[in-house]
Amino acid sequence: MSDSENREGFSGRSEQNSYESGEVSGLDFIRETITRDVNAGKYGGRVRTRFPPEPNGYLHIGHAKSICLNFGIAEEFPNAQCNLRFDDTDPAKETPEYVASIKEDVSWLGFDWEDRLYYASDYFEQMYEFAVKLMKRGKAYVDSLTPEQIQEYRGTLTEPGRASPYRDRSVEENLKLFERMRAGEFEEGAHVVRAKIDMNASNIHMRDPAIFRIRHVSHHRTGDKWCIYPMYDFAHCLSDSIEGITHSLCTLEFEVHRPLYDWILDQLEVHHPQQIEFAPLNLTYTVLSKRRLTELVEGGIVDGWDDPRMPTIAGFRRRGYTPAAIREFCRRVGVTKFTAQTEMALLEHCIREDLNKHAPRRMGVLYPLKVVIENYPEDTEEELEAVNNPEDPSMGTRKVPFSKVIYVERNDFREDPPRKYHRLAPGREVRLRYGYFITCQDYVKDENGEVVELRCTYDPETRGGQAPDGRKVKGTIHWVSAAHALDAEVRLYDRLFMTPDPTDVEEGEDFKQNLNPESLQCVGAKVEPSLQDAEPGYRLQFERQGYFCVDPDTNPEGKVVLNRTVSLKDTWAKIEKKQRQG
RNA sequence: UGCCUGGUGGUGUAAGGGUAGCACAACUGGUUCUGGUCCAGUUAGUCCGGGUUCGAAUCCUGGCCAGGCAACCA
């Protein structure tokens, strides 16, 4: 340490000390910036963030990243708060239904906006006044070019734009026109209010961007009060300013908008939050753009926004994901400016980790194969004690009924077992989970050559799973008693797309070509009777299979419907695959 | 071709002039009444070239590559 001081001289010393104090080391760049700002007393040391969705679709896992960031920061910094604000400035697309779904999803994720629920539409009057102020200062004007002309005048990425002939209208004329726009005297597209900045700017967003346009459309909250609506760039920075936001966090695509964000607030001389951009989430084997998700829903490719295959919050909820798992995923993903591709495997790891600790274990047979235990008495049944969760003894035990005829998993028997297969096969002995050792004596095939029934014998001495003579079995399999089993509809979900990046397609081709035709498979399963009264949303593990969740489609009088959240890791499947390949 | 941003194992991230670390994935092995969990271990990385420095992932410089930006959408 003293060596380094000798070599370093004085430059940067105090900076380095602040790093070494550990206050920012290890933080993501946004939390680091905020920490510095707080320490420097910027904004009076205050921290205020916001989550600003547009209510024009359902929230997805990418939004969860933003929610966890914004609300997470509010929890971490002293006295910090996060607002929920609906960015509802395009009445044609926004609905109260989307507002409701977004509120539900944010609170389901575990965040609370308390009394800070806001809408950009709350500020329409103020925004109108701000536009007037800009006009009075000669910094905005009413343009009467057609949309096509405006586009033409804007220039391109490499060529500068040209000034509209209306650019130098007098303040009085601008004000008068703007008033008449508000009064509804004009058709949509007849006029638009533009900020007067610089038609030669290399950043296209600074070439006199539109800030108010005419829309004769009812708004989901303001009804027909307005027929002019502010544009995103105008509304967003001013909403942030009005709410006293300190750090306005958004995704990378808004980076080029920041000069405009800053320009508007500077011109108006109002509270000026700092916009900081981070990379949006990309997940393998799915799509996360609102446009594509909407296409899947409207094209009937999935069964609504909450289809368990959808990467929406509602979809994951229905699939059986927990808020804690999603929050943990967002934490592990981190926050950077680098465009990343996060693997779905990480999300799956997070849900397995959570459910392994908390989900009760049950037995369910997905592809039932009948087994008759020949030496078990005909008219007897008994109850075997089963552990609810080996990870958590406090979850106790339950009784599982056992009788002469049971079901086991179809692939837990092989006529001709491959190497390393240690389940049932002719002459092989296995343990029934929490039950007896059984040995396969014979099997029955139907006319198609399908094995339809096993004839086994059991060893009465092995009740509970241990043999008094100390002999071991290689395999333990799950089962349900045929006489007691419940019929269940089990929906086995797999990834929606077959390729890691579904949007990576040849020119002229569509991402939907990469859809996985087997993303949903429904099976008629036999499950243990304890699931009789399971409520929708109930999560469990079917031993040796995976984690499942009772679907809202479950009807109290009908069959229970279960969604597979995620399968258990399957080492045997890997071995088998390797055997087949090599 | 203009502007902005960014490049650390297969993937996601940390290291803020001083031993390139963690997690996921993959692969070994051990434990196990779930081929789960758990435990131990292995493989594998600083985009490239110059420069500054005793020392560079880090600072400078020149390339290369990638992403974003031309709604009266957000």
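Excluded from the calculations below are hydrogen atoms, water molecules and symmetry mates; all remaining heavy atoms, backbone and side chain alike, are included. Worth saying up front: this structure is predicted, and the values here are computed from it rather than measured. Throughout, protein chains are lettered first and strands after them, A, B, ... in sequence-line order, and every chain is numbered starting at 1.
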>> Please classify the nucleic acid contact of A/Ile575 as base, sugar-phosphate, or nothing, using heavy-atom distances under 4.0 Å.
In response: base
>> What is the distance, to the nearest angstrom, from the CG atom on A/Leu283 to the P atom on B/C24?
In response: 17 Å
>> Please name the nucleotide paired to B/U37 by Watson-Crick or G-U wobble geometry with both distances under 3.5 Å, or report none.
In response: none
> Parallel, tilted or perpendicular: which fits the ring planes of A/His63 and A/Phe51, with parallel below 30° and perpendicular above 60°?
Replying inline: perpendicular
> Using the purine O4'-C1'-N9-C4 or pyrimidine O4'-C1'-N1-C2 torsion, is B/A71 syn (within 90° of 0) or anti?
Replying inline: syn
>> Considering every strand and a 4.0 Å limit on heavy-atom distances, what is the contact class for A/Gln541: base, sugar-phosphate, or nothing?
In response: base
> In the 5'-to-3' direction, what one-character label does each nucleotide of nucleotides 6-13 of chain B receive under the scheme B = base within less than 4.0 Å of a protein heavy atom, S = sugar-phosphate only, - = no such atom?
Replying inline: S-S-BSSS
>> What contact category does A/Tyr153 fall into here, base, sugar-phosphate, or nothing, at under 4.0 angstrom with non-hydrogen atoms?
In response: nothing
>> Over all strands shown, is A/Arg352 touching base, sugar-phosphate only, or nothing at heavy-atom distances under 4.0 angstrom?
In response: nothing
> Which word best sums up how the rings of A/Trp226 and A/Tyr128 line up, parallel for under 30°, tilted for 30 to 60°, or perpendicular for over 60°?
Replying inline: tilted
>> Is it the case that the ring center of A/Phe124 lies less than 6.0 angstrom away from the ring center of A/Tyr229?
In response: yes
> Under 4.0 angstrom, heavy atoms only, what part of the nucleic acid is A/Arg423 near: base, sugar-phosphate, or nothing?
Replying inline: base
>> Is a donor from one side chain sitting under 3.5 angstrom from an acceptor on the other, for A/Asp208 and A/Tyr141?
In response: yes
>> I want to confirm an ordering. Mapping A/Thr158 and A/Lys474 to their closest nucleotides on RNA chain B, which one lands closer to the 5' end?
In response: A/Thr158
> Where along residues 386-395 of chain A does a heavy atom come under 4.0 Å from RNA chain B, residue by residue in number order?
Replying inline: A/Pro390, A/Glu391
>> How would you summarise protein contacts on nucleotides 68-74 of chain B per nucleotide, using B for base, S for sugar-phosphate only and - for none, with heavy-atom distances below 4.0 Å?
In response: BBBSBBB
>> Just by distance, no angles: are the side chains of A/Glu243 and A/Asn83 close enough, under 3.5 Å, to form a donor-acceptor pair?
In response: yes
> With the threshold set at 4.0 Å, does a side-chain nitrogen-carboxylate oxygen contact exist between A/Lys472 and A/Glu429?
Replying inline: no
